[in-house]
Engineer: 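Structure in structure tokens, see below.
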Amino acid sequence: MLRTSFIRKNKEKVLLGLKKRNFEEINLIDEILILDKKKKIVQKVLNKILEKENNLSKKIGELISYDRNDNRNDRKVSAEIEFLKERSILLKGEKKNVNDKLKKVTLLLEEKLKKVPNIPDEKVKNKSEKNDILFQDGNIDCNIKNPLPHWELSKKFSLFDSNLGTKICGTGFSVFIGKGAKLQRSLIQYFLDKNIQASYKEYSLPYLINEKSGYYTGQIPDKEDQMYFIEKDNLYLIPTGEIPIMNCYRDKIFTYKDLPIRATTYTSCFRREAGSYGSKVRGLNRLHQFEKVEIIQISSRNSSPFLDEMILHVKNILKSLNLPFRIIRLNGSDLGFSSSITYDFEVYSMAQKKWLEVSSVSNCSDFQSNRLNLRYREITGDVKFCHTLNGSSLSLPRIMAALLENNQTEDKINIPRVLVPYTEFDHIN
RNA sequence: GGAGAGAUGGCAGAGUGGUUAAUUGCGGCGGUCUUGAAAACCGUUGAGGGUUAUUCCUUCCGGGGGUUCGAAUCCCUCUCUCUCCGCCA
């Protein structure tokens with residue numbers, strides 16, 4: 001969430017930023033500023049009333065204890081006390097009135113503020129422009145004659161079974177079997193190890209979250225429809241490990257020495273993916289339940305070096321797997337609600353002849369930390385909101401798909417060298 | 001699921017109606033001492049909003065509501081935590 005103080009001071013910047021996005025309700029900003037002014041005025045009035053009330057009460061207290069201590073039961077004093085009480089009572093009605101008004105304005109202001117997404121970074125292009133392809137690595141020319149898509153390979157070598165998933169649960173769920181299961185588990189382990197080596201601390205977290213947690217990281221209300229909801233207990237299944245891991249840090253004040261915080265977690269992720277169909281959901285391309293290893297950082301306001309660090313980290317992992325990949329900077333229309341800048345990582349799938357998104361690295365600047373009430377103390381002693389960053393490192397099913405397709409030969413699938421210590425086999429046949 | 005207890009500052013822990021933002025201890029920070037460190041001693045140490053220019057006002061003792069001139073303190077309610085019993089990986 002943006003702060004009103006920020007909007008107040010940077011109105012033009014905010015408007016320009018929002019124009020880059022698919023954000024229609026631009027007039028919200030003016031409405032917010034008007035409400036903000038109104039709120040301040042009411043707050044001032046209320047403070048004056050409270051001041052008067054406090055003073056009266058203080059005086060009454062002094063008189064009572066004076067009377068009591070000297071045990072004099074002075075009639076003059078009693079009369080004075082009564083007089084002050086009456087004056088205080090008169091204030092009460094007024095106080096309630098103003099207070100109600102303040103609550104109303106505050107609520108309205110909050111409601112409007114909730115609807116405003118984060119302001120895109122300067123580097124982010126306008127919604128009408130094409131996404132930037134920043135980097136591409138690896139050969140996407142296929143040197144296999146008739147490469148099979150991963151779902152065919154899976155049939156050939158029995159690695160996973162979508163029909164079983166459908167049988168147990170419904171479409172969009174897959175069952176991993178034998179070497180397929182072990183390959184996935186190895187990848188998870190490999191990613192976690194890589195992240196831990198890069199000084200991310202591992203967390204193992206709940207897969208269910210309450211409404212508050214979803215709100216604090218920005219998925220609620222923005223992406224509520226994408227989440228599975230358990231009505232009986234009022235809980236949501238996590239669409240990403242980012243939610244439980246970020247919420248670990250809410251309401252904290254770090255000292256500048258503690259930053260940045262680096263953390264990683266492996267979780268299953270659950271997404272309803274309403275509206276997806278066809279080749280998009282074929283095989284492992286899009287599942288309702290998938291595995292993901294997530295990394296996050298919490299930094300000071302100088303966050304861009306840490307974003308670069310995360311990008312480099314994911315890049316190196318993809319390189320180590322020998323997968324052709326590219327990095328894309330999303331334009332304003334594709335940017336998530338809380339994000340100020342996002343880099344997508346895509347691996348090339350030889351058989352499907354298309355790019356598959358396997359990671360999304362974002363800087364949420366202070367948008368998320370504002371909701372999370374996540375702050376730090378600078379050297380000077382000033383308390384400031386942190387910046388939060390998150391990324392996949394990495395998402396499993398599509399990595400699996402690309403690995404299988406790109407490493408196939410006539411009669412087997414080769415396993416990348418770095419994974420062999422985990423899989424304990426160097427090919428699948 | 002049944003019964004009971006509790007929720008106070010970074011942590012521990014006082015406070016049951018009137019200068020209590022809150023005693024005290026630990027931790028943190030600064031200083032004295034020391035070649036340096038430790039110990040000891042001294043000092044300091046919450047956040048938000050408004051206002052003034054280095055002041056003043058105001059809010060916050062789990063959340064919400066109420067009683068009262070006045071609430072951390074009394075009442076109601078919600079949430080959470082703990083203990084015991086039951087069930088169970």
Side-chain angles (χ1 to χ4, degrees), chain A residues 1-9 32-71 74 76-110 113 204 206-216 220 230 232-236 244 247-259 261 298 366 369-386:
Chain A
M1 190 150 63
L2 297 177
R3 272 161 291 132
T4 40
S5 61
F6 178 81
I7 299 177
R8 211 185 299 141
K9 287 173 200 154
I32 285 168
L33 287 174
I34 290 170
L35 282 171
D36 176 48
K37 255 186 204 157
K38 221 180 195 174
K39 187 186 163 185
K40 268 193 191 167
I41 293 168
V42 179
Q43 178 84 64
K44 250 190 216 173
V45 174
L46 181 67
N47 278 1
K48 270 276 171 273
I49 296 173
L50 287 170
E51 184 181 354
K52 273 188 210 163
E53 191 194 68
N54 286 344
N55 283 335
L56 287 172
S57 294
K58 218 174 266 177
K59 244 181 235 166
I60 293 171
E62 276 163 19
L63 287 176
I64 286 177
S65 62
Y66 163 81
D67 206 26
R68 211 184 276 147
N69 285 346
D70 300 345
N71 225 348
D74 193 328
K76 267 188 194 166
V77 173
S78 322
E80 174 79 6
I81 289 172
E82 284 312 311
F83 173 71
L84 292 174
K85 274 189 189 179
E86 268 164 42
R87 276 180 60 189
S88 185
I89 289 168
L90 283 177
L91 276 176
K92 266 187 142 181
E94 204 183 335
K95 175 177 133 189
K96 195 171 162 41
N97 242 334
V98 179
N99 201 17
D100 286 351
K101 214 186 265 178
L102 180 66
K103 274 184 192 164
K104 238 187 231 168
V105 175
T106 307
L107 209 73
L108 210 59
L109 182 62
E110 288 258 308
L113 218 45
S204 197
Y207 289 10
L208 292 167
I209 50 148
N210 55 29
E211 190 183 341
K212 269 188 190 171
S213 295
Y215 171 73
Y216 288 130
I220 294 174
I230 298 159
K232 210 170 180 179
D233 295 294
N234 246 301
L235 297 168
Y236 296 82
N247 272 280
C248 289
Y249 298 101
R250 79 184 189 220
D251 294 322
K252 277 208 158 255
I253 299 179
F254 290 106
T255 62
Y256 65 95
K257 285 181 198 162
D258 297 329
L259 300 178
I261 302 288
I298 297 168
D366 62 358
S369 68
N370 195 29
R371 285 198 184 183
L372 287 162
N373 195 26
L374 170 53
R375 294 167 293 174
Y376 73 103
R377 208 181 302 276
E378 291 189 324
I379 276 189
T380 55
D382 292 349
V383 175
K384 292 273 157 61
F385 282 95
C386 295

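Letters go in sequence order (proteins before strands), and every chain restarts at 1.
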Engineer: A:Lys44 near the nucleic acid: base, sugar-phosphate alone, or nothing, with a heavy-atom cut-off under 4.0 Å?
Structural biologist: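 The residue A:Lys44 makes sugar-phosphate contact but no base contact.
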Engineer: Can you list the residues that meet the side chain to side chain contact (heavy atoms under 4.5 Å, CB included) rule with A:Lys37, with sequence neighbours excluded?
Structural biologist: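 With sequence neighbours excluded, A:Lys37 shows a side chain to side chain contact (heavy atoms under 4.5 Å, CB included) to no residue whatsoever.
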Engineer: B:rG1 and B:rG49: how far apart are their C1' atoms, nearest whole angstrom?
Structural biologist: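 B:rG1 and B:rG49 have their C1' atoms separated by 46 Å.
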Engineer: Expressed in angstrom and rounded to an integer, what is the separation of A:Asp251 atom CG from B:rA47 atom C1'?
Structural biologist: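 Between C1' of B:rA47 and CG of A:Asp251: 11 Å.
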Engineer: What integer number of Å spans the P atoms of B:rU67 and B:rA72?
Structural biologist: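 My reading of the P atoms in B:rU67 and B:rA72 gives 16 Å.
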Engineer: Taking atom P in both B:rA21 and B:rC57, what distance in whole Å separates the two?
Structural biologist: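 B:rA21 and B:rC57 have their P atoms separated by 12 Å.
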Engineer: Got a list of protein N/O to nucleotides 53-60 of chain B N/O distances below 3.5 Å?
Structural biologist:
| from | atom 1 | to | atom 2 | distance (Å) |
| --- | --- | --- | --- | --- |
| B:rC57 | O2' | A:Glu51 | OE1 | 3.4 |
| B:rU58 | OP1 | A:Asn54 | ND2 | 3.2 |
| B:rU58 | O2' | A:Asn47 | OD1 | 3.0 |

Engineer: For atom P, what is the distance between B:rG64 and B:rU8, given to the nearest Å?
Structural biologist: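 Taking atom P in both B:rG64 and B:rU8, they lie 16 Å apart.
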Engineer: Does a salt bridge link A:Lys59 with A:Glu62, judged by any charged N lying under 4.0 Å from a carboxylate O?
Structural biologist: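 Salt bridge: no.
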Engineer: Less than 4.5 Å apart, any side-chain heavy atom of A:Asn234 and any of A:Asn210?
Structural biologist: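 Heavy-atom side-chain distance check fails, nothing below 4.5 Å.
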Engineer: Does the side chain of A:Asp258 come under 3.5 Å of the side chain of A:Thr255 through a donor N or O and an acceptor N or O?
Structural biologist: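 Yes.
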Engineer: Taking atom P in both B:rG4 and B:rU77, what distance in whole Å separates the two?
Structural biologist: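 These two P atoms come out 14 Å apart once rounded.
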Engineer: Near RNA chain B, which residues from residues 371-379 of chain A have a heavy atom under 4.0 Å away?
Structural biologist: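 RNA chain B contact set from residues 371-379 of chain A: A:Arg375, A:Arg377.
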Engineer: Can A:Asn54 and A:Ser57 be counted as having a side-chain donor-acceptor contact under 3.5 angstrom?
Structural biologist: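 No - no donor-acceptor pair under 3.5 Å links their side chains.
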Engineer: Whole angstrom is fine here: how far is it from CG in A:Leu46 over to C1' in B:rU51?
Structural biologist: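 Distance check: A:Leu46 CG to B:rU51 C1' gives 15 Å.
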Engineer: Can you measure A:Ile49 atom CD1 to B:rG49 atom P for me and round it to whole angstrom units?
Structural biologist: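 Going from A:Ile49 (CD1) to B:rG49 (P), I get 22 Å.
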Engineer: Using the C1' atom in both, what is the distance from B:rC26 to B:rU45, to the nearest Å?
Structural biologist: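 Nearest-Å result for B:rC26 against B:rU45 at atom C1': 13 Å.
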Engineer: Report the secondary structure of RNA chain B in dot-bracket form, marking unpaired bases with a dot and bases paired to a different strand with |, and treating Watson-Crick or G-U pairs with both distances under 3.5 Å as paired.
Structural biologist: ((((((((.[[[..)..(.....]]]((((((.......))))))(((((.....))))).[[[[[..)....]]]]])))))))....
Engineer: With a 4.0 Å heavy-atom cut-off, tell me which residues in residues 87-97 of chain A come close to RNA chain B, sorted by residue number.
Structural biologist: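 By residue number: A:Ser88, A:Ile89, A:Lys92, A:Lys96.
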Engineer: Could you list all N or O pairs between the protein and nucleotides 27-30 of chain B that sit under 3.5 Å apart?
Structural biologist:
none

Engineer: Can you measure A:Asn210 atom CG to B:rC78 atom C1' for me and round it to whole angstrom units?
Structural biologist: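 A:Asn210 atom CG is separated from B:rC78 atom C1' by 15 Å.
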Engineer: Using heavy-atom distances to pick each residue's nearest nucleotide on RNA chain B, tell me which of A:Gly381 and A:Lys212 is more 5'.
Structural biologist: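 Checking each residue's closest nucleotide, the 5'-ward one belongs to A:Gly381.
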Engineer: Check the distance between B:rG48's C1' and A:Lys252's NZ and give it to me in whole angstrom.
Structural biologist: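 After rounding, the gap between these two atoms is 19 Å.
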Engineer: Taking B:rC29 as the reference, what is the distance to B:rG65 when you measure between their P atoms (whole Å, please)?
Structural biologist: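 The answer is 40 Å between these two P atoms.
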Engineer: Return whichever of A:Leu84 or A:Lys40 has its heavy-atom-nearest nucleotide of RNA chain B closer to the 5' end.
Structural biologist: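 Result of the comparison: A:Lys40.
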Engineer: For A:Asp366, which of A:Arg3, A:Arg375, A:Arg371 qualifies under side-chain hydrogen bond (donor to acceptor under 3.5 Å, both in side chains)?
Structural biologist: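 Result for side-chain hydrogen bond (donor to acceptor under 3.5 Å, both in side chains) with A:Asp366: A:Arg3.
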Engineer: Roughly how many Å apart are B:rG62 and B:rC82, using the C1' atom of each and rounding to a whole number?
Structural biologist: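 My reading of the C1' atoms in B:rC82 and B:rG62 gives 15 Å.
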Engineer: Expressed in angstrom and rounded to an integer, what is the separation of A:Phe83 atom CZ from B:rG70 atom P?
Structural biologist: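 Whole-Å distance recorded here is 17 Å.
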